[in-house]
Amino acid sequence: MAGLTLASPSAERRPAWSPWRETWRRYRRHKLAVVSAFLLIVLIAAVVFGPFVWRVSINEIDFSARLEGPSLAHPFGTDDLGQDILARMIYGGRISLAVGLAAMAVAVLVGTLIGALAGMSRGALGHALMWLTDLFLSLPQLPLLLLLIYLFRDGLKAVFGPEGGIFILIVLVIGGLRWMPVARLVRAQFLSLREKEFVEAARALGASPLRQVVRHILPNAVGPVIIAGTIDVAAAIIAESTLSFLGLGFPPDTPTWGRLLFDAKDFLDIGPHWALFPGGAIFVAVVAINFIGDGMRDALDARRVI
Amino acid sequence: MSQYVLRRLLIAVPSLLGISLVLYIVLALAPGDPFSELATNPNVPPEVAAALRAKFGLDDPIYLRYLHWLAAMVQGDWGFSFVSRMNVDTLILQRLPTTLYVIGSAQILALLIAIPVGVYAATRPYSIFDQIANTFAFIGFSLPTFFTGLLFILVFSITLDWLPFVYSSDIKATGIRWLFEQIRQAIMPVMVLGLFQAASMTRFVRSAMLDVIRLDYVTTARAKGLGQPRVIVKHAMRNAMIPVVTLVALQMPAVFGGAIVTEQIFRIPGIGSLLISSILSNDTPVVMAVTFVFACLVVLFNLIADILYGWLDPRISFR
Amino acid sequence: MQSAIPRRFDASGPPDCQSDVRRSVFLPKQKSQPPSILLIVDSQPLTFEAFNVPLTGEQLGRRLRRASNTKNRTGTTMLDTELRTMIDEVKDGRMDRRGFVQRMLAFGLTAPMATQILAIGGVAMAEGPSVYKPTKRGGGGALKLLWWQGPTLLNPHFATGTKDQDGSRLFYEPLACWDADGNMKLVLAAEIPSLENGGLSADGMSVTWKLKPGVKWHDGKPFTADDVVFNWEYARDPATATVTIGVHRDITVEKVDDLTVRITFKKPTPFWADAFVGAPGSIIPKHLFAEYKGAKSREAPNNLSPVGTGPYKFVEFKPGDVIRGELNPDYHMPNRPHFDTIEMKGGGDAVSAARAVIQTGEYDFGWNIQVEDDVLLRLEKGGKGKTVYAVGGDTEFIALNFTDPNTEVDGERSSMKTKHPLLSDPAVRKALSMLVDREAVKKVIYGRAGRVTPNFLNGPEKFVSKNTSWEFSIEKASKLLDEAGWKPGADGIREKDGKKLKLLYQTAINGPRQKTQAIVKQACQKAGIDVELKSVVASVFFSSDVANPDTYAKFYADLEMFQIPMSQPDPAQHMRRYHSRNVATKENKWQGVNFPRWVNKVYDAAIDAAEAETDLVKRAALYIKANDIMMQDIVFIPVMHRLKVEACANTLRPVVSGWANETDNLFDWYREATG
């Protein structure tokens with residue numbers, strides 16, 4: 001991003017002006033986005049520091065307290081083995097949020113890179129990258145996952161430890177299988193934007209292709225990318241639960257939010273609280289991230305008058 | 001233009017060949033066995049499963065199996081399912097109508113909700129309508145379909161007893177009654193899937209509209225004295241449609257591929273449930289056929305989207 | 001049981017007896033042949049005392065001891081005479097068949113065993129009492145079945161799983177099947193083979209089945225002995241690629257006349273009711289499949305549109321989705337079937353299947369409802385249906401690895417050349433068995449669908465050991481480990497000689513199994529054993545793919561949990577697996593079925609003896625002993641004796657057997673007007 005801070009020769013702005021400060025100013029005007037950012041920080045703080053405050057074991061089984069609703073002893077109630085849902089959610093939230101955000105980052109970065117390259121290239125590279133995108137879109141995910149886990153699980157486990165290895169694998173797998181829509185969106189935007197007057201003007205002024213992309217095209221293509229990214233967070237949190245259900249993710253007793261929701265579904269009419277809390281947590285996280293995305297989008301859109 | 005299409009179609013042949021090779025390798029290397037159910041059957045000695053593997057060529061080298069598959073495919077022979085010993089094309093054709101009906105309706109529903117709601121919300125950002133639409137969208141994609149499906153069943157089938165939740169592929173009634181039953185049993189799956197799709201699509205449409213709605217030419221159009229609907233539809237929407245077309249092109253192959261989770265919940269005999277059960281039982285010929293058709297559709301719709309880009313924005317050059 | 005014929009029932013008979021004398025004494029009274037089941041020809045009977053472990057169930061043992069102590073004049077035993085007399089009484093009509101079966105149950109024999117004894121003893125086995133009430137054919141409306149795994153093919157010889165057997169069985173029929181009480185039920189056979197009717201040979205080498213006359217295939221062609229013989233030829237041909245080849249490989253089937261077939265075995269076969277019995281033994285028509293024997297088997301058009309002899313005629317089949325059938329007006333059983341149409345719908349999951357049957361009543365019957373009992377109880381409240389159970393011999397167990405899964409020797413983990421570093425210590429195995437809270441697993445997960453058991457072999461009743469016990473105690477387990485030198489380290493995990501007590505515990509993916517894992521892990525943690533859980537997709541876990549590291553046969557873990565279903569009321573196939581010649585190794589491509597890689601010579605000897613043993617009681621005793629050795633060595637920790645669970649509409653009267661497929665007795669199902 002260093003290129004961004006280079007003063008443009010045609011600058012007729014106040015020297016104090018910085019695009020980032022301006023963006024931040026615009027972002028702050030988006031009330032919901034500010035509240036959401038705060039909410040997300042609270043959520044992250046809760047799962048990071050929660051275990052120091054709420055010191056109940058995550059897998060302490062208590063057959064005398066099965067499927068109990070919220071109470072003082074168990075603020076979020078218990079599941080069908082009498083395990084404390086709050087403690088499990090705090091523990092699982094770390095993984096769910098980390099997986100969601102990291103997988104989103106992977107998907108957005110890979111997707112933007114490939115989409116931008118394909119959108120700018122007019123030759124074989126563009127075709128090759130679109131071929132790659134099509135290939136990934138048509139790969140059946142389940143056998144691929146089985147294969148990847150089977151090939152790499154032990155190796156990554158040896159290098160990064162059991163939890164770290166699986167975390168890296170899952171983030172790469174989820175991110176690696178969700179970048180294609182981003183790539184297609186970015187490419188489509190690029191195809192249109194690269195022919196626009198302002199890009200042509202930059203080109204005429206001798207801007208390098210990199211500069212054209214980073215400075216001119218990308219900021220205008222960012223809208224769909226942010227939306228795709230924020231939706232991906234929710235998708236990744238849920239995808240993780242599918243993976244662990246298939247025995248491909250974390251060990252079966254790791255209570256990620258998606259996993260809790262999945263386990264709770266058969267008990268929906270007996271113990272609705274079991275599904276309510278993890279479902280609510282996913283919802284809050286998703287809403288917060290989406291509003292942050294909206295705020296960023298508005299703030300980055302120079303045309304918008306806020 | 002037609003030259004461009006022709007060239008793209010020609011390029012598609014080697015690229016599909018490459019995709020089929022990668023698909024085949026992934027499927028062949030993935031662990032699992034079509035005869036795993038025999039393992040716990042005490043009546044069947046383990047060498048029977050091994051003999052079956054050998055008979056169906058599962059122990060041959062991968063390149064040989066791929067070449068066999070390719071040679072047969074070129075002649076129009078899709079192979080047979082290891083699990084049901086039935087021809088793969090028969091299996092797929094049997095399930096195609098249901099998939100097209102249910103998943104297609106869901107996609108149409110998603111588009112019918114997403115485009116008007118997204119466009120309207122974008123014309124009035126942060127109005128009450130926009131906020132409500134956003135909230136529903138957030139709920140929509142933060143709840144997985146396995147959960148909303150169950151919720152619908154609990155409410156509409158069990159509590160209210162309005163709708164059946166086991167999909168029947170051939171209803172015995174005739175005439176208007178048949179039509180009524182078809183619609184009745186499809187309501188819940190179409191809603192679950194359609195709303196899930198609509199949720200994210202609404203967000204994309206809204207975002208795309210917001211990007212163009214304040215561009216100079218839109219303002220110009222408005223300044224010319226054109227009415228708001230005309231400006232939105234004629235001027236803004238056309239330009240905002242590029243991301244939407246991309247998304248729809250991404251979704252269209254799914255109309256063939258089905259929706260695995262939703263089909264499982266409502267027992268819809270679609271291609272999605274065929275795919276998942278074939279994958280779980282490592283029925284490679286079926287998985288290969290379904291994914292290969294899917295790949296063809298992905299490539300095809302990618303091409304269609306590219307052509308549509310040129311129509312939506314004539315400045316986009318085809319080369 | 002017909003090879004048990006020439007032997008005597010007594011287990012501890014004196015070896016000095018002259019066998020030929022006894023033979024003459026115990027020949028049946030009426031005619032000179034065939035000899036009775038209860039006679040001894042074996043001059044070297046095994047005694048229980050030859051083994052060091054207590055062998056028989058308390059009841060049976062006491063009975064036998066008394067019997068052997070009270071020899072009568074002719075040198076025979078009380079038990080022999082008693083049984084002999086009872087069989088005579090049945091023949092004379094002084095004792096009814098049910099009474100006999102009940103008396104036999106008191107000996108610890110199951111109903112199928114007892115009826116087989118009766119057959120061997122010279123009394124024709126009749127069918128179990130029928131519960132079927134309707135007095136006319138049809139009129140029952142539609143029967144809607146929900147199989148959450150839909151059948152994918154309808155040829156019983158290709159059926160890879162029970163779901164396919166269930167589907168084929170709607171249209172095809174075997175000679176006989178097992179009813180809910182484990183009695184033999186005649187289907188296409190006219191009578192149950194016995195010594196008296198000449199169906200069973202005295203030496204246990206052959207069975208002769210008489211077929212029902214006048215049975216027609218759905219297309220009107222007559223069903224004859226040729227069809228039965230053809231099924232054998234079809235199935236045993238490796239080119240046909242059937243899954244039933246194992247049953248047909250080692251027998252010879254010949255046509256005696258149009259309505260009689262004889263099956264000849266290679267060696268005396270105690271359990272003769274295997275080929276052509278039950279859903280896997282269903283018979284397909286020769287006239288439609290003869291052209292498609294061998295390599296062309298897959299091309300048979302009737303693979304997809306069965307023409308059978310069953311109560312329902314085929315209408316429609318969509319693999320994995322639905323099977324439809326309609327009443328067969330020419331069915332060979334009177335007043336049957338009850339239902340006018342039948343539908344078997346596939347797909348979905350067990351919980352929603354239970355909902356569709358119990359809560360909304362959209363379907364009449366839901367198959368294999370493996371769901372937490374809490375959920376079922378909730379559904380049953382005010383519902384339109386209920387759950388029904390059938391007892392068989394399925395045991396959910398945790399297997400312990402006797403080799404080291406973490407050391408590779410000659411490219412093979414869990415190699416026979418290694419010993420498990422932790423589990424080779426008997427104290428660790430014993431402690432683990434005390435850490436499985438079976439009562440809690442039953443209470444929280446299986447509920448009515450499970451029975452707590454200390455045994456690996458849980459059925460038939462005759463083979464169930466009464467010598468074993470189990471307990472759950474974290475304190476005792478900890479004490480045991482303390483005494484064995486496993487001391488808690490700084491992290492609370494026990495260690496000894498630098499080896500930490502850390503175990504990997506794997507299973508197939510399945511809701512109840514993951515919960516059981518959590519319960520076991522929790523108890524182990526409290527006792528200072530660290531357990532890592534792993535779950536594998538079932539299709540991978542049970543695959544025979546050699547390159548796959550996650551299969552149960554490779555056992556690259558310390559503990560693994562699953563069940564191997566018992567599909568017939570006899571333990572031979574089930575117990576043979578753990579003979580040391582069957583260990584799974586790289587050399588046999590992990591096809592060996594002894595996956596714990598457990599080697600015990602005494603066990604091997606007991607199994608070998610049991611397989612050669614034709615005396616019913618001795619044979620049972622040997623299997624009980626085998627079970628006891630297994631439990632003493634703690635090869636398996638039995639978690640639960642599992643029952644079959646089905647969901648059923650309140651008005652439906654299904655007949656479900658723990659020893660047979662759900663659709664095996666479909667001809668006897670009917671609906672009652674009121675629930």
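Protein chains get the first letters and strands the later ones, always in sequence-line order, with residue 1 at the start of each.
How far CG of C/Leu304 is from OG1 of B/Thr90: 8.0 Å, rounded to the nearest 0.5 Å. In this structure, C/Asn303 CG and B/Ser84 OG are separated by 10.0 Å, a value rounded to the nearest 0.5 Å.
Heavy atoms of C/Tyr363 lying under 4.5 Å from chain B belong exclusively to its side chain. With a 4.5 angstrom heavy-atom cutoff, C/Ala353 touches chain B via backbone and side-chain atoms both. Contacts between C/Thr551 and chain B at a heavy-atom distance below 4.5 Å are absent for every atom of the residue. Proximity to chain B is limited to the backbone of C/Thr240, based on heavy atoms less than 4.5 angstrom apart. No part of B/Ile276 comes within reach of chain C, as not one of its non-hydrogen atoms sits under 4.5 angstrom from that chain. Interface remark: C/Leu154 contributes no atoms to any contact with chain B (heavy atom separation under 4.5 Å). Using a 4.5 Å cut-off between heavy atoms, C/Pro151 does not touch chain B at all. Neither the backbone nor the side chain of C/Lys144 comes within less than 4.5 Å of any heavy atom of chain B. Contact annotation for C/Phe317: only backbone heavy atoms (N, CA, C, O) come within less than 4.5 Å of a heavy atom of chain B.
Taking C/Gly592, C/Gly320, C/Ser352 one by one and counting their heavy-atom pairs under 4.5 Å with chain B, the maximum is reached by C/Ser352. Across C/Ser297, C/Gly348, C/Ala239, C/Pro238, the residue that shares the most heavy-atom pairs under 4.5 angstrom with chain B is C/Gly348. When the candidates B/Gln264, B/Glu263, B/Arg85 are compared by the number of heavy-atom contacts under 4.5 Å with chain C, B/Arg85 comes out ahead. Interface summary for chain C: among B/Pro164, B/Ser277, B/Ser157, B/Ser81, the most heavy-atom pairs under 4.5 angstrom belong to B/Pro164.
Cation-pi geometry between C/Arg298 and B/Phe80 is met: under 6.0 angstrom from the ring centre, within 45 degrees of the axis.
Here the options are B/Ile158, B/Leu163, B/Ile153, the test is side chain to side chain contact (heavy atoms under 4.5 Å, CB included), and the partner is C/Thr360; only B/Ile158 passes.
Summarising the geometry of C/Arg324 relative to B/Ser168, their closest heavy-atom pair is NH2-OG, 4.1 Å, with the distance given to 0.1 Å. Closest non-hydrogen pair, B/Phe165 versus C/Glu362, comes out as N-OE2, 3.0 Å. Scanning both residues, C/Lys345 and B/Val166, for their nearest heavy atoms gives CE-CG1, 3.8 Å. Taking each heavy atom of B/Leu150 and C/Arg355 in turn, the nearest pair found is CD1-NE, 4.3 Å.
Residue B/Arg184 places its CZ atom among more than 12 non-hydrogen atoms of other residues, nucleotides or ligands, all under 6.0 Å distant. Within 6.0 Å of CG in B/Leu93 there are more than 12 heavy atoms belonging to other residues, nucleotides or ligands. Taking a 6.0 Å sphere around CD of C/Glu316, one finds it holds more than 12 heavy atoms contributed by other residues, nucleotides or ligands.
In this structure the side chain of C/Pro319 reaches within 4.5 angstrom of the side chain of B/Gln94, judged on heavy atoms. C/Asp321 is listed as a side-chain neighbour of B/Arg95, based on a closest heavy-atom distance under 4.5 Å.
The main-chain N or O of B/Pro269 is never found under 3.5 Å from a side-chain atom of C/Lys318 such that the two would form a donor-acceptor pair.
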